[in-house]
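Presented below is the structure to which this report refers.
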There are 2 protein chains.
Amino acid sequence: MPRLPAASVTVDLVVLTIRDRALHVLLVERGIDPFAGAWALPGGFVLADEDLDAAAHRELAEETGVAQGIHLEQLRTYGAPGRDPRGHVVTVAWLALAPDLDEPAAGSDAAGARWWPMDAVVAGDVALAFDHAAIVADGLERARAKLEYSSLAAAFCPPEFTVAQLRAVYEAVWGVAIDPRNFHRKVTGTPGFVEPTGGTIAEGAGRPARLFRRGPTETLHPPLTRAQS
Amino acid sequence: MPRLPAASVTVDLVVLTIRDRALHVLLVERGIDPFAGAWALPGGFVLADEDLDAAAHRELAEETGVAQGIHLEQLRTYGAPGRDPRGHVVTVAWLALAPDLDEPAAGSDAAGARWWPMDAVVAGDVALAFDHAAIVADGLERARAKLEYSSLAAAFCPPEFTVAQLRAVYEAVWGVAIDPRNFHRKVTGTPGFVEPTGGTIAEGAGRPARLFRRGPTETLHPPLTRAQS
DNA sequence: GGGGTTATCGTCGTAGTGACGACAAACCAC
DNA sequence: GTGGTTTGTCGTCACTACGACGATAACCCC
C-alpha cells in the first residue's frame with residue numbers, strides 16, 4: 001500500500017442563535033497559541049476513524065451542552081496553505097442554527113465561550129483567529145439564503161412558537177423590517193409550513209398569539225423574497 | 001508543537017456537460033486497486049501546501065485538457081470512515097459545469113475516461129467506486145437547484161448561444177419540457193441575464209435564432225421554478 | 001372603561017407566470 | 001416558385017402571489 005500525503009482535518013462550527021431580537025454567533029476565547037487570546041469558532045480535530053458529521057455533533061454538544069433540537073449542516077471546507085501556522089490544516093466548517101440557549105459552558109480547551117452579536121463580528125469589532133472571519137461571513141450568507149426557500153427559520157425557535165417569533169427570526173437574520181400582516185398570510189397560507197397546536201400564549205401587551213409547530217414542508221414554493229420592504 | 005492527527009485529503013470532481021440534449025458526467029476507469037476496473041470521479045490527492053481550489057483546478061485541467069471557461073464550485077466534503085479501504089481519506093468534492101467538450105484525454109493514472117449519460121449513472125448501470133454514486137447524486141441536485149435562482153445554465157453553453165440552447169440546458173438538467181415562448185420571455189425579460197450580440201445563427205430548419213452572451217446578472221429574482229410544466 | 005399594543009383577517013392594485021394563439025423567417029419536397 | 005414544415009419571436013388572457021395598508025379582535029395597564 002502506497003504512502004499517502006497527509007494533512008490534519010478539523011471541524012469548525014458557526015453556531016447561530018437569536019438573542020434579544022438580534023443574531024448572535026458562538027465564539028470561544030483561545031487559551032493557547034496560535035492566536036491565544038483571540039476569539040475563534042468552536043471546533044477541533046477530527047478523531048481517527050471518526051465521521052465528519054460525528055465530529056461536528058461531538059463538538060457542538062461539547063460547546064453548547066445541547067445535543068438535540070439543533071439544525072446542523074455542512075457549510076464549506078477551507079484549506080488554504082498558511083491558514084493555520086501549525087501546518088497544513090484543512091477544516092470542514094458546519095452551520096448550526098439553535099434556539100435561544102443559556103450561556104454556553106466553557107469548553108475544556110477554551111478560556112471562555114460567549115455569544116457575540118453578529119453585527120459586532122461583521123463590523124470587525126472582534127479579533128478572530130485563523131480565517132474564521134471569512135467562515136462566519138459564509139455561514140451568515142448561507143443562513144440568509146436558506147431562509148428564503150426553506151422552512152429553516154423554525155430551527156431558531158423553540159418547538160412551539162408564534163408567528164411573531166418566526167418573523168423576528170427573519171428580521172434578525174436579514175436585518176430588515178417585515179410587514180406583520182403579509183408575513184402572517186404567507187406563513188399560515190403555505191401548506192405544511194406551520195401547524196397550529198391549538199394553544200395560545202400572551203407575551204406582555206397585546207392580543208395573545210396562536211402557537212404553532214413546524215410542519216412537514218421543508219422547502220418554500222414560491223420562496224420568501226429578501227427584498228420585502 | 002503538538003503532533004496533530006492526520007488524514008489524507010483528496011479532491012473529486014463532478015464534471016457535467018450537455019451532449020446530444022442529455023446531461024452527461026465525466027468518469028474515469030480505475031486502473032489500479034482499490035476498485036480497479038470500476039468507474040470513478042476524476043480526482044486525486046491534494047499536494048503538500050496546495051490550496052483546495054488549486055487542486056481542483058489542476059485535476060480539472062488534467063482530465064479535460066481545458067483550463068478556462070468552466071464553472072467550478074465546491075460541493076461538499078465526504079469523510080466517512082471506511083469510504084476508502086486505504087485508510088482515513090477525506091475528499092472535497094467539486095462541481096464543474098462545462099460546455100460540450102471533445103472526448104476527454106485519458107489521464108495518466110486512469111485506464112480511460114469518457115462521458116456517461118447521467119440517466120445511466122443514476123439508474124445504477126455504471127459500477128462506481130468508493131461513495132462516488134452519492135457524490136454524483138449530490139452534484140446533480142446542486143446543479144438542478146442552482147439553475148433555478150442563478151444564471152449558471154450559461155456555463156453549459158459556448159460563449160455565444162441561442163435561447164433555444166439555453167432552454168435545452170434546463171430541459172436536460174431538469175428532465176422536463178419547458179414552453180419555448182414563456183422561457184424566451186423570462187430569459188430576455190430579466191435585465192442582465194443575457195445580452196444580444198446582434199448576430200444570428202441558423203441551425204437546420206426554422207427561423208434563425210438571435211445570438212446572446214452571458215450578462216452581468218448572477219442571480220435570478222424571481223427564480224425560474226422547476227415545476228414549469 | 002379607555003387607551004395602547006399586538007394578532008389576525010381583508011381588500012386592492014400590480015408583477016409574474018402558465019397556457020396558448022399568431023406571425024416571422026428559415027428549410028425541404030415537388 | 002409554391003406550399004408545407006419547422007423553429008424563433010411577440011402578444012393576449014386568466015390566475016396566483018405579493019406589497020401596501022385598512023379594519024377588527026383580544027389582550028395589557030391605569
Side-chain angles (χ1 to χ4, degrees), chain A residues 21 147-149 151 157 160-172 174 176-213 217 219-229, chain B residues 21 147-149 151 157 160-172 174 176-213 217 219-229:
Chain A
R21 309 186 74 84
L147 288 203
E148 290 195 351
Y149 58 89
S151 59
C157 296
E160 298 198 351
F161 53 86
T162 68
V163 175
Q165 285 175 22
L166 196 64
R167 178 166 50 87
V169 171
Y170 280 88
E171 293 183 328
W174 285 349
V176 298
I178 299 176
D179 185 275
R181 296 157 291 189
N182 293 336
F183 183 81
H184 190 275
R185 176 181 59 190
K186 174 73 174 178
V187 167
T188 57
T190 301
F193 189 3
V194 294
E195 295 175 339
T197 67
T200 61
I201 188 173
E203 311 175 86
R207 171 176 170 176
R210 297 163 70 194
L211 282 170
F212 295 85
R213 69 173 69 89
T217 298
T219 59
L220 264 41
H221 277 295
L224 265 158
T225 64
R226 221 183 299 189
Q228 274 224 1
S229 152
Chain B
R21 309 184 76 83
L147 288 202
E148 290 195 352
Y149 59 90
S151 60
C157 296
E160 298 198 351
F161 52 87
T162 68
V163 176
Q165 285 175 22
L166 196 64
R167 179 165 50 86
V169 171
Y170 280 88
E171 294 183 327
W174 285 350
V176 298
I178 299 175
D179 185 274
R181 295 157 290 187
N182 293 335
F183 184 81
H184 190 276
R185 175 181 61 191
K186 174 72 175 179
V187 166
T188 58
T190 301
F193 189 4
V194 296
E195 295 174 339
T197 67
T200 59
I201 188 173
E203 310 175 87
R207 172 177 170 175
R210 297 163 68 195
L211 282 170
F212 294 85
R213 70 172 70 90
T217 297
T219 60
L220 264 42
H221 277 295
L224 266 158
T225 63
R226 219 185 297 189
Q228 275 223 0
S229 157

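Residue numbers begin at 1 in each chain, while the letters A, B, ... track the order of the sequences.
- Projected onto DNA chain D by closest heavy-atom contact, B:A164 and B:R185 fall at different nucleotides, the more 5' of which corresponds to B:A164.
- Between the CD1 atom of A:I178 and the P atom of D:dC18 there is a distance of 13 Å, given to the nearest Å.
- Taking every heavy atom of both residues into account, A:Y170 and A:L147 meet most closely at OH-O, 3.1 Å.
- Within residues 197-212 of chain B, the residues that have a heavy atom under 4.0 Å from DNA chain D are, in order of number, B:A205, B:G206, B:R207, B:P208, B:A209, B:R210.
- Distances shorter than 4.0 Å separate none of the side-chain N or O atoms of A:K186 from OP1 or OP2 on D:dA17.
- In this entry the distance linking CZ of A:F183 with C1' of C:dT6 reads 15 Å, nearest Å.
- In this structure, A:H184 atom NE2 and D:dA23 atom C1' are separated by 15 Å, rounded to whole Å.
- B:T225 has a side-chain polar atom (N or O) that falls below the 4.0 Å cut-off from OP1 or OP2 of C:dG18.
- From A:R226, atom CZ reaches atom CD1 of A:I178 across 11.0 Å, with rounding to the nearest 0.5 Å.
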Q) With Watson-Crick and G-U wobble geometry limited to distances under 3.5 Å, how should the secondary structure of DNA chain C be encoded in dot-bracket form, using | for bases paired to another strand and [ ] for crossing pairs? A) ||||||||||||||||||||||||||||||
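- Atom pair B:R226:CZ and C:dT17:C1' shows a separation of 18 Å (rounding to whole Å applied).
- Here D:dT16 presents its C1' atom at 15 Å from NE2 of A:H221, a figure rounded to the nearest Å.
- If you take CZ of A:R181 and C1' of D:dC18, they are 14 Å apart, rounded to a whole angstrom.
- A:L211 and A:E160 get closest at one heavy-atom pair: CD1-OE1, 3.5 Å.
- Between A:T197 and A:F212, the shortest heavy-atom distance links the atoms CG2-C, 3.8 Å.
- A:T200 approaches A:R210 most closely through the heavy-atom pair CG2-CA, 4.1 Å.
- For the pair B:L166 CG and D:dT9 C1', the interatomic distance rounds to 16 Å; values are reported in whole Å.
- Closest heavy-atom contact between B:L224 and B:L220: CD1-CD2, 4.0 Å.
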Q | Stepwise side-chain contact (heavy atoms from CB on, under 4.5 Å) test for A:E203 and A:T162 | A | CA-CA 10 Å; A:E203 311 175 86; A:T162 68; 3.9 Å; yes
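- If you take CZ on B:R185 and CG on B:D179, they are separated by 8.5 Å, rounding to the nearest 0.5 Å.
- The two residues B:T225 and B:W174 have their closest heavy-atom pair at O-CZ3, 3.8 Å.
- C:dA15 atom P lies 19 Å from atom CG of B:L224, rounded to whole Å.
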